[in-house]
Amino acid sequence: MTNKDMIKRDLEVLWHPCTQMKDHENIPLVPIKSAKGIYLYDFDGNRYIDAVSSWWVNIFGHANEHIGRRIKEQLDTLEHVILAGFTHEPVVELSHKLKVLTKLDKAFYADNGSSAIEVALKMSFHYHLNKGEHRELFLSLENSYHGETLGALSVGDVALYKETYGPLLIRSIQTPTPKDQSMKEAQKALVALEKILKKHHKELCAMIVEPLVQGAGGMKMYHSHYLKGARELTLKYGVHFIADEIMTGFGRTGSMFACEQADILPDFMTLSKGLTAGYLPLSVVMTTNDVYNAFYCDYSEYKAFLHSHSYTGNPLGCAAALATLELFEKNDVINANKQKSLFMAQQLERFKDLENVKEVRVTGMIAVIELEGYDPKERVGLKIFQAALKKEVLLRPLGSIIYVMPPYVITQEELQKVFDVAYEAIVGL
Ligand SMILES: *Cc1c(COP(=O)(O)O)cnc(C)c1O
């Protein structure tokens, strides 16, 4: 098989995610045959640096031997079993580890990020119902992203994904996101938040946020002071706080979880993506004993949380997650990343002098170059994607926002190459 053969066979039958399929009349798909570490290899023998961690999931590189071995061992032991009424070792061990790491008491599993959001929203709504209160409104940040299923889309605020489905969505309102990473903007946004909470707290189930970094909304970053303040305000007004750490969790923002940087404990924390280092689909909602106990009673009171997915707590996924946590335990990942984050910040400096660059920013293992002066119709992100691909780097800008979000196993030399390629692509626009 060559790239060309693969593309032909693909387009006969596949409908790709988040894609206008007609684009592929001109823009070739990239068929990947294998991968190792940070490199992806296509059918014609080209290789590409995976500078977006395969849509933000891959943290320890592809074909990692340790994770692979753990999954294979699990595959020969127990591939799957129903989790209602039954249990298994990987899910029990993983839950204990997550309890220690997140400081939250109970783990409820699903199998992808959006489903974890649905679980958290339903649990929060149902919690208040079990406590005798009917609330049906959610609060989220402007420009937020929490996934594509209808509940998750409802609390998101990216028009490109949401607008079309408006009539199908549940009720949510938005509060301003701090405009930048400064303390001043954090403070301003907290004042706005308190106004909204004061007015709506009796109807609000929960406030949901992406802590410190808003991913799909354009890698917007804000000060931990906002996170801390928002958590305190939700406590003051009796509204749940959901920390959606699906993208930010597992070291991406410079700490194991972004919430640690604000020293807060949410009522719910949703985890996926890096949870299995990008090896298998798995997600989990961590929550408190207070939430758990609101559902805990005799069956005949009908307060149980009757939610499930076929692959809830899949043993292979749990084994991948355990292997991922072992890599964090064995290696000083978070500290090693600090050096890489500093290096990325240094690399961003030279972009500031370019006239079409609006801002550069960095949080942990996410570096951003935001361009300005382009109409969406120009599809500047696509031009950057194509230019970078020619130079063996996979960048996938969000519109005019170019970001580097590499697997943590990338070296300084490889990072250097990624930023060189990004620079050339921008200069060449
Ligand atoms: C990716 C993402 C989701 C959705 O996860 P999926 O597995 O793609 O459904 C939710 N929230 C955030 C912050 C994400 O980045």
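Whatever order the structure lists them in is the order used to number ligands and atoms, beginning at 1. The first residue of the sequence shown is numbered 1, and numbering continues consecutively from there.
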Engineer: Under 4.0 Å from any heavy atom of S114, which atoms of ligand 1 are there?
Structural biologist: 4 (C), 5 (O), 6 (P), 9 (O)
Engineer: Using non-hydrogen atoms of the residue, decide whether W55 is closer than 4.0 angstrom to ligand 1.
Structural biologist: no
Engineer: Mind checking whether G147 has an N or O less than 3.5 Å away from an N or O of ligand 1?
Structural biologist: no
Engineer: Can you list the ligand 1 atoms lying under 4.0 Å from a non-hydrogen atom of N112?
Structural biologist: 7 (O), 9 (O)
Engineer: Scan side-chain atoms only and decide if S114 and E148 contain a donor-acceptor pair under the 3.5 Å cut-off.
Structural biologist: no
Engineer: Is it the case that the side chain of K340 and the backbone of Y408 share a donor-acceptor pair, with hydrogens and angles ignored and the cut-off at 3.5 Å?
Structural biologist: yes
Engineer: Using a strict cut-off of 4.0 Å, indicate which atoms of ligand 1 neighbour a heavy atom of H146.
Structural biologist: 10 (C), 11 (N)
Engineer: What are the atoms of ligand 1, with element, lying closer than 4.0 Å to any heavy atom of D244?
Structural biologist: 10 (C), 11 (N), 12 (C), 13 (C)
Engineer: Considering only non-hydrogen protein atoms, determine which one is nearest to atom 14 (C) of ligand 1 and report residue, atom name and distance to 0.1 Å.
Structural biologist: K273 NZ, 2.9 Å
Engineer: Kindly check if the number of other-residue, nucleotide or ligand heavy atoms within 6.0 Å of CD (E372) is above 12?
Structural biologist: yes
Engineer: About how many Å separate CG of L101 and CG of L94, when rounded to the nearest 0.5 Å?
Structural biologist: 9.5 Å
Engineer: Starting from atom 5 (O) of ligand 1, which protein heavy atom do you reach first, and at what distance in Å?
Structural biologist: G113 CA, 3.2 Å
Engineer: Do protein heavy atoms approach atom 8 (O) of ligand 1 to less than 4.0 Å?
Structural biologist: no
Engineer: Distance only, no hydrogens: is a donor on one side chain within 3.5 Å (strictly under) of an acceptor on the other, for T411 and E414?
Structural biologist: yes
Engineer: Would the distance check show the side chain of E370 and the main-chain N or O of S400 forming a donor-acceptor pair, the cut-off being under 3.5 Å?
Structural biologist: no
Engineer: Taking atom types as modelled, find out whether Q74 and T77 have a side-chain donor-acceptor pair closer than 3.5 angstrom.
Structural biologist: no
Engineer: Counting from 1, what ligand 1 atoms have a heavy atom of M247 closer than 4.0 Å?
Structural biologist: 15 (O)
Engineer: Show the atoms of ligand 1 that are less than 4.0 angstrom away from any heavy atom in W56.
Structural biologist: 15 (O)
Engineer: Counting N and O atoms only, with roles assigned by atom type, does the side chain of D23 sit under 3.5 Å from a partner on the main chain of I27, one being a donor and the other an acceptor?
Structural biologist: no
